[in-house]
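Everything numeric in this text was worked out from a predicted model, so none of it was measured. Residue numbering restarts at 1 for every chain, and letters A, B, ... go by the order of the sequence lines.
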Protein chains: 2
Amino acid sequence: MHQDALQQFGLRIKQLRQAQGISQEELGARAQLDRTYISGIERGKRNVSFKNIVLIADALQISVAELFNVPEFS
Amino acid sequence: MHQDALQQFGLRIKQLRQAQGISQEELGARAQLDRTYISGIERGKRNVSFKNIVLIADALQISVAELFNVPEFS
DNA sequence: GTGTGACTAGAAGTCCGTG
DNA sequence: GCACGGACTTCTAGTCACA
């Protein structure tokens, strides 16, 4: 976790999403967030709020702890 | 992670801060955030952004993964 | 040393569209 | 299915005076 944590976060979301074989649109629908916003997050352009982090984790059906339980955030 | 994740988050910050024996003011100084803002976070009144989550984790000298590595977020 | 309400600027987030 | 932009509304960031 150094500079550009947001891009790391976006990549993590993207990987998890693709691992489930769903589109940004589908993830957005599940999390009740706009598809273009999901796109921005995955590209590291959005400074996501905690509530939305929780929404996205839920949509990906994992816990917040699991979401960050990777070397990039350790 | 059920209702009021923000309050869980605030409590977590508070516990970590107190475990280090530092004041909100000191934590704020380390994270370069206002002490009243830290206060609001600990009380679950602020929907913190990811960038600030990272700043606070750094100020507490732990990783983001560790920050969420508790039952409340699992 | 902390809780709280209020405030403004600027970022978050939505909704329309394009290639 | 995704990146990206413009215009728009809603919310957070950041700070203050006061208790």
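- Across residues 15-27 of chain B, B/Arg17, B/Ser23, B/Gln24, B/Glu25 each have a non-hydrogen atom less than 4.0 Å from an atom of DNA chain C (numbered order).
- The local environment of CD in A/Glu25 is sparse, with at most 12 non-hydrogen atoms from other residues, nucleotides or ligands closer than 6.0 Å.
- For the OP1/OP2 pair of D/dA3 and a distance below 4.0 Å, the side-chain nitrogens and oxygens of A/Ser39 include at least one atom meeting the criterion.
- Atom NZ in B/Lys14 sits roughly 15 Å away from atom P in C/dG1 (whole-Å rounding).
- As a whole-Å value, the separation of A/Ile56 CD1 from C/dA12 P is 13 Å.
- In this pair, B/Phe50 and A/Phe68 present their aromatic rings parallel. The plane angle is below 30°, not in the 30 to 60° band.
- Partners of A/Asn69 according to the side-chain hydrogen bond (donor to acceptor under 3.5 Å, both in side chains) rule, which considers only residues two or more places apart in sequence or in another chain, do not exist here.
- Sorted by first and then second residue, the salt bridge (Lys or Arg N to Asp or Glu O under 4.0 Å) pairs with a member in residues 32-45 of chain A read A/Arg17-A/Glu42; sequence neighbours excluded.
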Using a cut-off of 4.0 Å between protein heavy atoms and nucleotide atoms, how would you tag nucleotides 9-19 of chain D 5' to 3' with B, S and -?
---SBBBBBB-
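- Between A/Ile38 atom CD1 and C/dT14 atom C1' there is a gap of 12 Å when expressed in whole angstrom units.
- When side chains are defined from C-beta on, A/Leu67 counts as touching A/Ile13, because their heavy atoms get closer than 4.5 Å.
- Here C/dA11 presents its C1' atom at 14 Å from CD1 of A/Ile41, a figure rounded to the nearest Å.
- With sequence neighbours excluded, no residue forms a side-chain hydrogen bond (donor to acceptor under 3.5 Å, both in side chains) with A/Gln7.
- Crowding of B/Glu66 atom CD: a count of heavy atoms from other residues, nucleotides or ligands under 6.0 Å exceeding 12.
- Every residue two or more places apart in sequence or in another chain was checked for a side-chain hydrogen bond (donor to acceptor under 3.5 Å, both in side chains) with B/Arg46, and none qualifies.
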